[in-house]
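Presented below is the structure to which this report refers.
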Amino acid sequence: MKTRKKHDLIVVGAGSGGFAAARTARDLHADVALIDHGPLGGLCILRGCMPSKTLLASSDAITDMREAIELGIHAGDISIDFPHIMQRKHELIRSFADYRIEGLRQFPLYEGPARFISPHEVEVGGDVVLEAKKFIIATGSVVAPAAIPGLPEAGFIDSDAALELEKLPESLIVLGGGYTACELGQFFARMGVKTTIVIRSPHLLSGEDHDIGESLTEYFRGEGIEVHTTTQIVRASVRNGKKVAHIVHDGVDGEIEAEEFLYCLGRVPNIEGLNLAAAGVLEHNITGVKTDGTMRTNNPDFYAIGDVAGKHMLVHVAIYEGEVAARNALTGANEEADYSLTGAHTVFSDPQVAVVGHTERELQSKGVAYVKGAYDFAEHGKAQCIGKTKGFVKMMAAAGDGKILGAAVLGPHGSDLIHEMIVAMRYDATVAQFMCIPHLHPTLAEIWTYPAEECAAKLEMAGPGQIDPEVAL
């Protein structure tokens, strides 16, 4: 006989977003339960942000040692203890996961696969049936299926497997040019792996502004990573024990050989087995569970957040959406998620990429009149002092009132530097107001004052209403 229990709200998925939703619901004095099939901890901790950044710390340190000669430091021969690097990662992730699991167990936690059997009932593991008035789906994402002909037969590792390797491959073909491909591809290259990245787009990070993607592509090439742009992989095979990528570039066939493929061609919402149709919830295996601005699905008693909703696959967005969904589910409110700043994101390549607000591509596509200021780290005193001169910062401001519309950084500590712009934009700062903020000298952060000054000068020079939206200054 199956065990039956009731709760006010059930959150399916106990990752960062689901945990945030449960905590918000508890603060609203609701009886909230969590379901997760395990392993407990969530994607960010177990197979995403934290393990990858732990590994990148090692490859960044290797590069700093190799480049220290410019600062008068001779490190000598540098050796890599890959088993130690991986063991350090395992220990850190275990401690992060244990801490998260301790928090999860403060709630009723049902461990097992979830399967909906009606609009208000979900079965867990075949022997427990839970009932609730409201549900939040927070099951995250999984690596997208390998769609390249021959790749499954040839064999490959994905980002999950890459984080668990016990031995470095001699050579690697990275399929994809997004943030995962950039971070892991550069990591393996700096570990001594001959690394080749193959992408269909003209530059890495195809979704970012062209100046960012093109510059990062050249930096990668400068440190010995082969980046094949505007190149299509038509199939994969194995020959004489090597993996072979059969490619087409500018209409010419070619081949690339390596010991291993690293598949980094995206993630898809994790909805398999949920049987959301029984709950009357619409879903799509690529775009995920469709929601409105309040995170509600077509079934008003169901909400979806994070990767499974397919909007922004970012941990801080999942947490924010979880909080919004829980408040709406339990109070009947219609609070809409605002992504104008929450959609800020970063890529932990070297140099790092970080973006907030509108990109230039967005402003141009919408016909918004704006001015732009930019400044290279190569011209910045503190960057020169510490030997970190790759990249630039840029700032976009409204042509009318000078309100900051967006900002981006490609450079050292970009993931930290962007927060100053997030705060400024949170309070609707103009470039004139931003210039009134004191900046310590010499610091990397003061580099933002230069694009602000450039924007202000362009606005003063053009005068009110004189900037053509078709021509960005």
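Judged by a 6.0 Å distance limit and a 45° cone about the ring axis, R100 is not positioned over the six-membered ring of F96.
The backbone N or O of G343 lies less than 3.5 Å from a partner atom in the side chain of H345, making a donor-acceptor pair. Side-chain atoms of Q352 come within 3.5 Å of backbone N or O of S415 as a donor-acceptor pair. In this structure, the side chain of Y320 engages the main chain of D338 through a donor-acceptor pair within 3.5 Å. Side chain of D428 to main chain of K403: no donor-acceptor pair is present (N/O by atom type, distance under 3.5 Å, no hydrogens or angles). Listed for the S206 side chain is no donor-acceptor partner under 3.5 Å among the backbone atoms of P202. At distances below 3.5 Å, at least one donor-acceptor pair connects side-chain atoms of T346 with backbone N or O atoms of V353. No donor-acceptor pair closer than 3.5 Å links the side chain of D64 to the backbone N or O of E67. Not one N or O on the side chain of E123 forms a donor-acceptor pair closer than 3.5 Å with the backbone of R115. In terms of modelled atom types and a separation under 3.5 Å, the side chain of D209 and the main chain of E360 share a donor-acceptor contact. Between the side chain of N299 and the main chain of A279, a donor-acceptor pair closer than 3.5 Å is present.
Annotation: the span from I85 atom CD1 to M191 atom CE amounts to 4.0 Å, rounded to 0.5 Å. Here the CD1-CD1 distance, from I80 to I78, works out to 8.5 Å after rounding to the nearest 0.5 Å. Taken from NZ in K194 to CD in E257, the straight-line distance is 10.0 Å, to the nearest 0.5 Å. We find the OG1-NE2 distance between T229 and H203 to be 9.5 Å, quoted to the nearest 0.5 Å. For the atom pair I197 CD1 and L172 CG, the distance stands at 9.0 Å (nearest 0.5 Å). Here F392 contributes atom CZ and L410 contributes atom CG; the two are 5.5 Å apart, rounded to the nearest 0.5 Å.
Note on ring orientation: taking the six-membered ring where Trp is involved, the planes of Y110 and H7 are perpendicular (angle over 60°, cut-offs 30° and 60°). Between F107 and F19, the ring planes lie perpendicular to each other; the angle is over 60°, past the 30° to 60° tilted range. The aromatic rings of F135 and F302 lie parallel to each other, their planes meeting at an angle below 30°, with 60° marking the opposite boundary.
For H90, the NE2 atom is densely surrounded, since the number of other residues' heavy atoms within 6.0 Å is greater than 12. The environment of H413 atom NE2 is sparse: at most 12 non-hydrogen atoms of other residues, nucleotides or ligands sit within 6.0 angstrom. The number of heavy atoms from other shown groups lying within 6.0 Å of CD (E166) does not exceed 12.
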Give every donor-acceptor pair under 3.5 Å between a side-chain atom in residues 34-42 and any protein atom, sequence neighbours left out.
from: D36; atom 1: OD1; to: G38; atom 2: N; distance (Å): 2.7
from: D36; atom 1: OD2; to: A14; atom 2: N; distance (Å): 2.8

Please output the side-chain donor-acceptor pairs of residues 146-164 that fall under 3.5 Å, not counting sequence neighbours, one pair per line with the distance.
from: D158; atom 1: OD1; to: D160; atom 2: N; distance (Å): 3.0
from: D158; atom 1: OD1; to: A161; atom 2: N; distance (Å): 2.9
from: E164; atom 1: OE2; to: K89; atom 2: NZ; distance (Å): 3.2

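Nearest heavy-atom pair, I305 versus V308, reported as atom, atom and distance to 0.1 Å: O-CG1, 3.2 Å. Residue N334 comes nearest to N328 through the heavy atom pair N-OD1, 3.6 Å, listed as atom of the first residue, atom of the second, then distance. Listed here is the closest heavy atom pair of W448 and L417: NE1-O, 3.2 Å. For the residue pair T217 and V227, the shortest heavy atom distance occurs at CG2-CG1, 3.9 Å. Scanning all heavy atoms of the two residues, the minimum distance from F220 to Q186 falls at CE1-NE2, 3.5 Å. Of all the heavy atoms in V174 and G185, the pair that sits closest is CG2-CA, 4.2 Å.
Scored by the side-chain contact (heavy atoms from CB on, under 4.5 Å) test, C44 finds S16, C49, M50, V315 as partners (sequence neighbours excluded).
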Exercise for the section: Could you go through the side chain to side chain contact (heavy atoms under 4.5 Å, CB included) check for F261 and I233 one step at a time? Expected result: CA-CA 12 Å; F261 286 115; I233 299 179; 5.7 Å; no

Exercise for the section: Could you please spell out the steps behind the side-chain hydrogen bond (donor to acceptor under 3.5 Å, both in side chains) verdict for S237 and H246? Expected result: CA-CA 8 Å; S237 67; H246 301 266; 2.7 Å; yes

